[in-house]
Amino acid sequence: MDLLEVKNISKTYGTGEATVHALKDATFSVPKGEFVAVVGESGSGKSTLLNMIGALDTPTSGKVFIDGKDIFSMKERNLTVFRRRNIGFIFQSFNLIPELTVEQNIIFPVLLDYQKPNKKYLEELLTVLGLKERRRHLPSQLSGGQQQRVAIGRALITRPALILADEPTGNLDTQNTSEVIALLKEASRLYEQTIVMITHSQSIAQTADRILRVSDGVVTDLGRCKE
């Protein structure tokens, strides 16, 4: 079953001579539990594509279905709740709240939804992420790799069906990069989560199940990676 369906998505900015076609009729689908890498040059439309899938921006035309639901047909309030409960975001810049501890940062999306955190699942995440000994630390007391693990935990805590990662290893060294990619693959396997990750690195892209290339707003499916 396809968890994500992108159908004829286009995004145009500006008018007349200033018109920019950031995305051109993008169509593809991603089955549940698949880990997809999106590659392309800077300015090719990768981030625009991710923003459309995550409903952080609206397309000029086309549709996005997540778990069979047409997200852009939803009212704004319903879309906000749906996004919070079904999509996890991981950014290059971590975006942690500096005044909150590791544990507080991870459970923040749950509290934002007026829910109680699942303590057993939280402990499992802290263990998988190697953060149990750091749970009371503030972001300023963590390394870059540890901060990105917290960001991954925050994305996973709501058990979203879809995780969108925008250059999640962009600020990390080689060792931390390997660890973060391994954690994402483990999350995909353990929790059957679908992951769409932007990366500029071909070697990182090769660790995914499948690769999409974006070039001048056109999305091309490069197929499955070799085992």
How many angstroms lie between [atom1] in [X] and [atom2] in [Y], if you round to the nearest 0.5 Å?
X: Ile163; Y: Ile152; atom1: CD1; atom2: CD1; result: 8.5 Å
X: Asn118; Y: Leu125; atom1: CG; atom2: CG; result: 9.5 Å
X: Glu99; Y: Asn105; atom1: CD; atom2: CG; result: 9.5 Å
X: Glu167; Y: Leu50; atom1: CD; atom2: CG; result: 10.5 Å
X: Ile106; Y: Leu131; atom1: CD1; atom2: CG; result: 5.5 Å
X: Arg154; Y: Leu129; atom1: CZ; atom2: CG; result: 12.0 Å

Do [X] and [Y] share a hydrophobic cluster (ILVMFWY, side-chain heavy atoms under 4.5 Å, transitive)?
X: Leu156; Y: Phe82; value: no
X: Phe35; Y: Ile204; value: yes
X: Val30; Y: Phe72; value: yes
X: Ile198; Y: Ile195; value: no
X: Leu142; Y: Leu126; value: yes

- Item | Check against side chain to side chain contact (heavy atoms under 4.5 Å, CB included), Tyr13 and Thr48 | CA-CA 11 Å; Tyr13 297 100; Thr48 300; 4.0 Å; yes
- Item | Atom CD of Gln115: over 12 foreign heavy atoms under 6.0 Å |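 Enclosed.
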- Message: Set out, in order, the CA-CA distance, both residues' side-chain angles and the distance that settles side chain to side chain contact (heavy atoms under 4.5 Å, CB included) for Ser188 and Gln193, then state yes or no.
- Response: CA-CA 5 Å; Ser188 177; Gln193 283 163 317; 5.5 Å; no
Sequence neighbours excluded, which residues qualify as side-chain hydrogen bond (donor to acceptor under 3.5 Å, both in side chains) partners of [X]?
X: Ser61; result: none
X: Ser93; result: Asn95
X: Ser201; result: Ser203

Side chain to side chain, [X] and [Y], heavy atoms closer than 4.5 Å:
X: Ile87; Y: Pro160; result: no
X: Asp166; Y: Ser47; result: yes
X: Leu164; Y: Ile53; result: yes
X: Arg134; Y: Thr101; result: no
X: Leu184; Y: Ile90; result: yes
X: Ile107; Y: Leu122; result: yes
X: Leu96; Y: Leu100; result: no
X: Val196; Y: Leu4; result: yes

- Determine which pairs satisfy side chain to side chain donor-acceptor pair (under 3.5 Å) with at least one residue from residues 16-27, sequence neighbours left out, and list them in order.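 Of all non-adjacent pairs touching residues 16-27, those that pass side chain to side chain donor-acceptor pair (under 3.5 Å) are Asn8-Asp25, Asn8-Thr27, Thr12-His21.
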- Message: For residues 31-42, which residue pairs pass the side chain to side chain donor-acceptor pair (under 3.5 Å) check, not counting sequence neighbours?
- Response: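 Counting only pairs at least two positions apart or across chains, the side chain to side chain donor-acceptor pair (under 3.5 Å) contacts touching residues 31-42 are Glu34-Arg210, Glu34-Arg224.
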- Message: If you apply the rule side chain to side chain contact (heavy atoms under 4.5 Å, CB included), what do you find for Val150 with Phe94, and how did you get there?
- Response: CA-CA 8 Å; Val150 177; Phe94 315 142; over 6 Å; no
Quick check: closest heavy atoms across [X] and [Y], and the distance to 0.1 Å?
X: Val6; Y: Ala26; result: CG1-O, 3.5 Å
X: Thr194; Y: Pro31; result: OG1-O, 3.5 Å
X: Pro98; Y: Pro139; result: O-CD, 3.6 Å

Give a yes or no answer on whether the side chain of [X] reaches the backbone of [Y] with a donor-acceptor pair at less than 3.5 Å.
X: Asn86; Y: Ala161; value: no
X: Lys11; Y: Thr58; value: yes
X: Ser44; Y: Val214; value: yes

- salt bridge (charged side-chain N to carboxylate O under 4.0 Å, His left out) contacts in which one or both residues fall within residues 78-90, not counting sequence neighbours: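 Pairs touching residues 78-90 that pass the test: Arg84-Asp113, Arg85-Asp113.
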- Task: Begin from the C-alpha positions of Gln148 and Asn176 and carry the test side chain to side chain contact (heavy atoms under 4.5 Å, CB included) through to its verdict.
- Result: CA-CA 9 Å; Gln148 190 59 293; Asn176 281 313; over 6 Å; no
Could you pull out all residues at least two apart from [X] that satisfy salt bridge (Lys or Arg N to Asp or Glu O under 4.0 Å)?
X: Arg149; result: Glu179
X: Lys69; result: none
X: Asp70; result: Lys63
X: Arg135; result: Glu103, Glu123

- Excluding sequence neighbours, so at least two apart, what forms ring-ring contact (aromatic ring centres under 6.0 Å, His included) with Tyr121?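 For Tyr121 the ring-ring contact (aromatic ring centres under 6.0 Å, His included) partners, ignoring immediate neighbours, are Tyr191.
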- Query: Which ILVMFWY residues can you reach from Val39 by hopping between side chains whose heavy atoms are under 4.5 Å apart?
  - Reply: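 Members alongside Val39: Ile211, Leu222.
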